[in-house]
Amino acid sequence: MFGLFKKKVQGETASFKISGMHCTSCSMNIDGELEDLPGVVSASTSYATATSKVTYDPKKVSKETLKKTIENLEYTAEEV
C-alpha cells in the first residue's frame, strides 16, 4: 500500500529482442529459465512485444549468459 513495503531491486537491467516465440507460454518458459540462474533478480518477457527485460547482479551472471540461456531454448536473442 502506497509503496511502503516495496523492496528496492538492486542490480543492472538487460533488454533483449526475442524472435521465435509462438505463444505466451514461450515467454513464461523464458522467464522461468532466466529466473533459475544465480544472480537473476527478475525476468519479464512479453510475447506481444517480443522483448525480455532482465534485472540481474553482474557479479553473479553476465549478459552473455542471459543471452545464451534464451538461445538454448531455441529462440533468437539480440540485446537492445
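We're numbering straight along the sequence, starting at 1. Side chains are part of it too, since the values below use all heavy atoms of this structure and drop only hydrogens, waters and symmetry mates. Just so we're clear, the structure is a prediction, and the values are computed from it rather than from any experiment.
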**Request:** Please round to the nearest 0.5 Å and tell me the distance separating atom CD1 of I70 and atom CG of D31.
**Result:** 9.0 Å

**Request:** Could you check if a side-chain atom of S52 sits within less than 4.5 angstrom of a side-chain atom of L34, using non-hydrogen atoms only?
**Result:** yes

**Request:** Give, for atom OG1 of T76 and atom CZ of F16, the distance between the pair rounded to the nearest 0.5 Å.
**Result:** 13.0 Å

**Prompt:** What heavy-atom pair brings S15 and K53 nearest, and what distance separates the two atoms?
**Reply:** OG-CG, 4.2 Å

**Prompt:** Should we say atom CD of E78 is surrounded by more than 12 heavy atoms from elsewhere, each under 6.0 Å from it?
**Reply:** no

**Request:** Would you confirm whether K17, through its side chain, and T49, through its main-chain N or O, come within 3.5 Å as a donor-acceptor pair?
**Result:** yes

**Prompt:** Is the shortest heavy-atom distance from the side chain of T51 to the side chain of V80 under 4.5 Å?
**Reply:** no

**Message:** Walk me through whether L37 and L66 qualify under side-chain contact (heavy atoms from CB on, under 4.5 Å).
**Reply:** CA-CA 8 Å; L37 293 173; L66 301 175; 3.9 Å; yes

**Message:** Check this for me, if you would: do K67 and E79 make a salt bridge, where the nitrogen-to-carboxylate-oxygen distance has to be below 4.0 angstrom?
**Reply:** no

**Message:** Ignoring hydrogens, what is the shortest heavy-atom contact between A77 and E71? Give both atom names and the distance.
**Reply:** O-OE2, 3.5 Å

**Request:** Report the distance from atom OG of S44 to atom CD1 of I30, rounding to the nearest 0.5 Å.
**Result:** 11.0 Å

**Item:** Closest heavy-atom pair and its distance - E12, P58
**Value:** OE2-CG, 3.5 Å

**Request:** Hey, could you give me the OG/OH distance between S25 and Y47, rounded to the nearest 0.5 Å?
**Result:** 10.5 Å

**Request:** Answer with yes or no whether the side chains of T45 and S27 bring together a donor and an acceptor at under 3.5 Å.
**Result:** no

**Item:** Closest heavy-atom pair and its distance - Y75, N29
**Value:** OH-ND2, 4.2 Å

**Item:** Check: T65 side chain, V61 main-chain N or O, donor-acceptor pair, under 3.5 Å
**Value:** no

**Request:** State, to 0.1 Å, how close G20 and H22 come at their nearest heavy-atom pair, and which atoms those are.
**Result:** O-NE2, 3.3 Å

